[in-house]
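Here the structure comes first, spelled out in structure tokens, and everything after it is commentary.
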Protein chains: 2
Amino acid sequence: MAEQPIAASSDPEAELTPILRAALEEFVEHGYDGTSVRTIAARVGVTVPALYYHHENKQALLAELLDRAMAVVVRHTAEAEAAAGPVPRDRMAAMVRAIVGHMTNHQGLAFLDAETRALTPDNRKRYVAQRDQIEDLMRSCLRDGLADGSFSTPWVGDCTRAILSMLQGIASWYREDGPDSREEIAEHHVQLALALAGAVRPPAPTPTAARRTRRR
Amino acid sequence: MAEQPIAASSDPEAELTPILRAALEEFVEHGYDGTSVRTIAARVGVTVPALYYHHENKQALLAELLDRAMAVVVRHTAEAEAAAGPVPRDRMAAMVRAIVGHMTNHQGLAFLDAETRALTPDNRKRYVAQRDQIEDLMRSCLRDGLADGSFSTPWVGDCTRAILSMLQGIASWYREDGPDSREEIAEHHVQLALALAGAVRPPAPTPTAARRTRRR
DNA sequence: AGCAACTTAGCGAGCGTTCAGTAAATCATC
DNA sequence: GATGATTTACTGAACGCTCGCTAAGTTGCT
């Protein structure tokens, strides 16, 4: 009877059960196929069958972790965009901040993205659908910016993938004790993403939405 | 006696022996830990000990593949930059073209980058050293461009990583039968990289080096 | 005869998974 | 408020398989 989440906050890594947390750490460290259920159990301090009491099998551990990770980042990204108003530049900035926050605050879950190859076809399908949602949000924002003249990239697809690859990359180099804070990294990447989009003017103080993003 | 490279061209994937080629394909498809030496042997059409006659062990297969991959991309990138003259914008464009060419022409080897986690510490050290070389080339180019005013990014480190993440990402989505040719993708990413660097003027026809890169 | 390039056969270890049993908590009943 | 039934959360032991790897033997070319 120890299989409760340690915290009930809204932090998706904090509210993992001990088993899921141990599985996450092992998967991040050694990869899905490089991890044995025995090492997960040992990390939790239980025997192997205890894992199978709470989860169907090893694959279900990975699927659940990835489901949670994707659900959180999709929700945060969509909410951030919705709260940012109608201006494409602001929406893009908000989404980038949300995604960078995910990469730095939930680095383990974010890094797990590299393990999606190990998903069974059914589980992979759900993952891809969630990932496509984020890609669609970004692509639509780019298109809207091109339509109103605030962005100028001629290659929406390449630009979308470039932004998301750049952001996903953060999960593989970010260190909590690095020189820049999460917020600094987020702001840098807002500007880098806007550069990729070919944003035409620095803060774009249009009459409808002045005083929003602030440039350093 | 079938363990010769199929072709002796300068294409690093074509000049792989059948065993290394099979190992590459399996590693790309299932990951290092998800691949067994038996499936590699079966793919070549030999028995398992034949693998061990030509290679020390499974780890040596991965190490050799990654060594070749990194040696080639480092060499091509350095040569491309050297041949591009002194102008940072031209050097950056040349390096991006070289790296994109690597990602699209040797997608398997490029994708193997994701398996570096499975390297033993010694082998990983050699890999990291090679990867750092590319990062240093890119960073130096950025710095030179900032010094002469042709680039303007305030964050050299983040910008370097962003460019390389963006380019590495190509290996995970590029398809030979996709809508854009390798050359088109390369030119798009040259412009995207220059945008990340904050390149100040489109083709920058300075008096010393006009008539070089051509904008679409 | 000798070497290169294999094959046959198998070793011990570790893999994911399951089954049967059990201590403790929870609940229903008197 | 003690008692028996049920449920929860596990443990011990082991199953069948696959893993990386190797010793010893075989084949065919020079």
Side-chain angles (χ1 to χ4, degrees), chain A residues 1-6 8 15-66 112 115-124, chain B residues 1-6 8 15-66 112 115-124:
Chain A
M1 65 159 65
E3 197 49 19
Q4 230 79 270
I6 283 177
E15 66 190 10
L16 291 176
T17 64
I19 286 177
L20 283 172
R21 172 186 306 276
L24 171 59
E25 287 162 0
E26 286 290 324
F27 290 160
V28 165
E29 239 174 280
H30 306 109
Y32 179 77
D33 285 311
T35 297
S36 91
V37 292
R38 274 164 248 261
T39 70
I40 298 174
R43 193 157 194 147
V44 185
V46 297
T47 57
V48 173
L51 267 48
Y52 285 84
Y53 179 79
H54 293 284
H55 302 273
E56 194 191 347
N57 51 28
K58 185 185 172 188
Q59 168 77 202
L61 288 170
L62 177 63
E64 166 122 26
L65 287 168
L66 275 167
L112 219 59
E115 297 303 320
T116 48
R117 186 215 341 244
L119 288 173
T120 57
D122 275 11
N123 290 330
R124 170 119 87 270
Chain B
M1 66 157 68
E3 198 48 18
Q4 231 77 271
I6 285 177
E15 66 191 10
L16 292 176
T17 63
I19 286 177
L20 282 172
R21 171 186 306 276
L24 172 59
E25 288 162 0
E26 285 292 321
F27 290 160
V28 165
E29 237 173 280
H30 305 109
Y32 179 77
D33 284 311
T35 297
S36 89
V37 294
R38 275 166 248 260
T39 69
I40 298 174
R43 193 158 194 147
V44 186
V46 296
T47 58
V48 173
L51 266 50
Y52 286 86
Y53 180 78
H54 293 284
H55 300 274
E56 194 192 345
N57 51 28
K58 184 185 171 187
Q59 168 78 202
L61 289 170
L62 177 62
E64 166 123 25
L65 287 168
L66 275 167
L112 218 59
E115 296 303 321
T116 50
R117 187 212 342 241
L119 288 172
T120 57
D122 275 11
N123 290 330
R124 167 117 91 272

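Quick caveat: nothing in here was measured; it's all calculated off a predicted structure. Letters go in sequence order (proteins before strands), and every chain restarts at 1.
- Distance CD (Glu26(A)) to P (dG16(C)): 11 Å, rounded to an integer number of Å.
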Name the pairs: protein N/O against N/O of nucleotides 18-22 of chain D, kept only if under 3.5 Å.
from: dC19(D); atom 1: OP1; to: Ser36(B); atom 2: OG; distance (Å): 3.4
from: dG20(D); atom 1: OP1; to: Thr35(B); atom 2: O; distance (Å): 3.0
from: dG20(D); atom 1: OP1; to: Lys58(B); atom 2: NZ; distance (Å): 2.8
from: dG20(D); atom 1: OP2; to: Val37(B); atom 2: N; distance (Å): 2.9
from: dG20(D); atom 1: N7; to: Arg38(B); atom 2: NH2; distance (Å): 2.5
from: dG20(D); atom 1: O6; to: Arg38(B); atom 2: NH2; distance (Å): 2.9
from: dC21(D); atom 1: OP2; to: Tyr52(B); atom 2: OH; distance (Å): 2.7
from: dC21(D); atom 1: OP2; to: Lys58(B); atom 2: N; distance (Å): 3.1
from: dC21(D); atom 1: O5'; to: Tyr52(B); atom 2: OH; distance (Å): 3.3

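- The side chain of His54(A) places an N or O atom within less than 4.0 Å of a non-bridging phosphate oxygen (OP1 or OP2) of dC10(D).
- Rounded to a whole Å, the CG atom of Leu51(A) is 14 Å from the C1' atom of dC15(C).
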Working for side-chain contact (heavy atoms from CB on, under 4.5 Å), residues Leu65(A) and Leu16(A):
CA-CA 9 Å; Leu65(A) 287 168; Leu16(A) 291 176; 4.0 Å; yes
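- Side chain of Glu115(A) to main chain of Tyr32(A): a donor-acceptor pair is present (N/O by atom type, distance under 3.5 Å, no hydrogens or angles).
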Go through the steps for Val37(B) and Leu61(B) under the test side-chain contact (heavy atoms from CB on, under 4.5 Å), then give the verdict.
CA-CA 10 Å; Val37(B) 294; Leu61(B) 289 170; 5.6 Å; no
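- For the pair Tyr53(A) OH and dA9(D) C1', the computed distance is 5 Å after rounding to whole Å.
- When the P atom of dG14(C) is taken as reference, atom CD1 of Ile40(A) falls 17 Å away, rounded to whole Å.
- Within a 6.0 Å radius of CD in Glu56(A), other residues, nucleotides and ligands contribute 12 heavy atoms or fewer.
- Residue Phe27(B) comes nearest to Arg117(A) through the heavy atom pair O-NH1, 3.6 Å, listed as atom of the first residue, atom of the second, then distance.
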Walk me through whether His54(B) and Thr17(B) qualify under side-chain contact (heavy atoms from CB on, under 4.5 Å).
CA-CA 10 Å; His54(B) 293 284; Thr17(B) 63; over 6 Å; no
